[in-house]
> 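Here it is: the structure, laid out below.
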Amino acid sequence: MTEVPEVPERPVAARTVAQPTYARAATKDATAEPPGRPRAVVVGGGIGGLTAAVALRLRGWQVTVLERSRSLTPVGAGISLAPNALRALDVIGMGDEIRGLAAWQGDGGMRTPQGRWVSRTSASALAERFGGPLVVVHRAELVARLVARLPADTVRTAAEARLADPGDTARPALVATTDGGLEAELVVGADGIHSGVRRVLFPAHPGPVYSGFTTWRIVSPAPRQAFDAHETWGRGRIWGTQPLKDGRIYAYGAALAPAGQRAADERQELLRRFGDWHHPIPDLIAAADPAHVLRHDVHHIAEPLPAFHRGRTVLLGDAAHAMPPTLGQGGNQAIEDAIVLAHHAGPDAVDLAAYSAVRAPRTAAVARKAVQVARVDMMTSRAGIAVRNAALAALSKAGPALLLRSFDGIADWRPPQPPYASVEAAPATRPAGPQPVTGAGT
């Protein structure tokens, strides 16, 4: 995050600072904030931060989201929302709305680069085991639907932010911006894997490490020849293909590579690495817009944080527990974080220690599993690959339940509270000073 100038004195409160430009999707349901609510500042306007903003507002908070990018157009293509994340979205009234975007209705599974099916499963088997579908949506679609549930002045784009003071039981937290400072009873660090908020809270933590592989993501027109959704595992390379509701195809590739390596033409690089793999992979790559082929190295937090909070400031999503994408759970866990945080952040008392106690062990377990899966699907040993594929084939023949069992304890998660009663939470009455924060000194 770009360094923000120091604030020489205590600033005015968040609700009185001049508003810079913001971006949002207009909606008749988004109204101005009632006065008298406790103040929350969310640093980062990604999926986790926006989910937290919606959930906190429903809990009675006045929320400001600071996003350093000039727009909320997300960097990315698709995101897989598993039943655990959809149940979390149920709490803020969005679960069924997103389930309606499900496009995968048939069979799928894992294949070899030559096209042989190693294992098979189906959308119905997943839904039966975990109580709901797997929904693949474009990130921009999810972001737009979240923003539409917030008042017009909630999200400020082109807003560089730095945590100046995490706060404690005696004083509010302070976020410095180029337009001044914002005081808040709660600050949410949702600023991604290279989180500046995390560095302030835990300066001795080593931060993320390179996971050993890089990823590409594309969205392409659907090919003429039909295909089943799949993930294909090669030697140190994988490819995945999933349909979107609008008829396009979301696809992703990953390969072992040195950190920082780039190609002059990333579409040509994909054709070099995957162009001789089975249908529809070459056609999807050829149809992709070269300007929209996204490539990012994968990093994860190998050493868990001592806590997800300090003072009145809390972390969620990649800022707290970045993990490899091999389970498709990074964004899902951020959504879970946001809902659990709001559960422990009532307008009259905030228990951040309870949030840390619940979320840290769960996300650490999911992250460990994601790292383990990365070692398996990025395998390069021919003998190891043969053993891996034989084991998957045997599980598949025994029935889809055995294959899906690896997601037990992940996709079957349920939120700690039922859906909030109303999109418009009743205004909270509160004294002007800071609100109690349990565990603020932890």
Side-chain angles (χ1 to χ4, degrees), residues 24-25 27 29-30 40 42 44-61 63 65 72 74 76 78-104 123 126-127 129-151 154-155 188 190 242 244-246 250 316-318 320-321 327-345 355 358-359 362-363 366 407 409-425:
R24 66 179 298 276
T27 173
D29 292 328
V42 179
I47 289 169
L50 292 171
T51 304
V54 173
L56 288 169
R57 183 168 177 268
L58 290 172
R59 286 284 274 157
W61 291 79
V63 183
V65 179
L72 285 179
I79 180 172
S80 298
L81 296 175
N84 53 309
L86 294 171
R87 279 189 287 269
L89 291 173
D90 281 335
V91 176
I92 58 173
M94 287 186 63
D96 286 341
E97 176 183 342
I98 302 304
R99 288 184 187 94
L101 300 176
W104 179 39
L126 185 145
R129 186 172 185 89
F130 299 116
L134 176 73
V135 181
V136 181
V137 300
H138 200 289
R139 287 176 180 265
E141 177 81 19
L142 182 55
V143 165
R145 289 172 182 260
L146 287 165
V147 173
R149 291 176 175 258
L150 296 169
T154 299
V155 180
V188 181
Q242 292 282 348
L244 296 172
K245 185 71 170 179
D246 64 8
Y250 166 56
L316 63 73
D318 283 352
H321 47 70
L327 291 175
Q329 278 290 312
N332 289 253
Q333 292 302 306
I335 292 170
E336 283 188 20
D337 287 345
I339 298 305
V340 175
L341 172 61
H343 175 68
H344 291 289
Y355 165 79
V358 171
R359 294 307 298 165
R362 171 164 171 78
T363 54
V366 176
F407 283 92
I410 299 176
D412 51 5
W413 177 89
R414 295 182 180 277
Q417 75 280 349
Y420 296 127
S422 171
V423 172
E424 296 300 326

> Compare all side-chain heavy atoms of V63 with those of L150 and state whether any distance is below 4.5 angstrom.
no
> What are the two closest heavy atoms between I92 and R149, and how far apart are they?
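Here I92 and R149 meet closest at O-NH1, 3.3 Å.
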> I'd like to check L81 versus L134 (side-chain heavy atoms, cut-off strictly below 4.5 Å). Are they in contact?
no
> Evaluate side chain to side chain contact (heavy atoms under 4.5 Å, CB included) for F130 paired with I410, printing each intermediate quantity in order.
CA-CA 9 Å; F130 299 116; I410 299 176; over 6 Å; no
> For L89 and D96: C-alpha separation, side-chain torsions, deciding distance, then whether side chain to side chain contact (heavy atoms under 4.5 Å, CB included) applies.
CA-CA 8 Å; L89 291 173; D96 286 341; over 6 Å; no
> Which heavy atom of A53 sits nearest to which heavy atom of V65, and what is that distance?
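That closest heavy-atom pairing would be CB-CG2, 3.6 Å.
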> Between the side chains of D246 and H138, is a donor N or O closer than 3.5 angstrom to an acceptor N or O?
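No, H138 and D246 have no side-chain donor paired with an acceptor closer than 3.5 Å.
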> Looking at A82, is its backbone amide N or carbonyl O close enough to the side chain of N332 to form a donor-acceptor pair, meaning the two atoms are under 3.5 Å apart?
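The answer is yes, because a donor-acceptor pair under 3.5 Å joins these two groups.
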> Could you check whether E336 pairs with R87 (Lys NZ or Arg NE/NH1/NH2 to Asp/Glu carboxylate O, under 4.0 Å)?
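No, this pair does not count.
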> Please report the interatomic distance CG(L86) to CZ(R99), rounded to the nearest 0.5 Å.
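Result: 5.0 Å between the selected atoms.
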> Rounded to the nearest 0.5 Å, what's the gap from CD on Q242 to CD1 on I79? Could you check?
13.0 Å
> Using side-chain heavy atoms (C-beta onward) and a distance below 4.5 Å, is Y355 in contact with L316?
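The answer is yes; the side chains approach within 4.5 Å.
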> If every non-hydrogen atom of P418 is compared with every non-hydrogen atom of V91, which pair is closest and at what distance?
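What the structure gives for the nearest pair is O-CG1, 3.9 Å.
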> Hey, could you give me the CZ/CD distance between R145 and E97, rounded to the nearest 0.5 Å?
4.5 Å
> Return the OH to NE2 distance between Y420 and H343, rounded to the nearest 0.5 Å.
8.0 Å
> Do you know the tightest heavy-atom contact between G317 and A334?
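Of all heavy-atom pairs spanning G317 and A334, the closest is CA-CB, 3.7 Å.
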> Shortest non-hydrogen contact from L50 to G45?
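Looking at all heavy atoms of both residues, the closest pair is CD1-O, 3.4 Å.
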> Measuring from N84:CG to I339:CD1, what's the distance to the nearest 0.5 Å?
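So the gap between those two atoms works out to 12.0 Å.
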> Measure the shortest side-chain to side-chain distance between L101 and E141 over non-hydrogen atoms and say whether it is less than 4.5 angstrom.
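The answer is yes; the side chains approach within 4.5 Å.
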> Spell out, as yes or no, whether a donor-acceptor pair under 3.5 Å connects the side chain of W413 to the backbone of A85.
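Not a single qualifying donor-acceptor pair exists.
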> Can you see which heavy atom on A338 is nearest to which on A55, and at what distance?
O-CB, 4.2 Å
> Evaluate the criterion side chain to side chain contact (heavy atoms under 4.5 Å, CB included) for residue pair R359 and H344; output intermediate values, then yes/no.
CA-CA 11 Å; R359 294 307 298 165; H344 291 289; over 6 Å; no
> Are the side chains of P416 and V340 in contact, using a 4.5 Å heavy-atom criterion?
yes
> Working note: M94 + I335, criterion side chain to side chain contact (heavy atoms under 4.5 Å, CB included); need CA distance, chi angles, decisive distance, verdict.
CA-CA 12 Å; M94 287 186 63; I335 292 170; over 6 Å; no
> Report yes if the side chains of P83 and L126 come closer than 4.5 Å at any heavy-atom pair, otherwise no.
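They are in side-chain contact.
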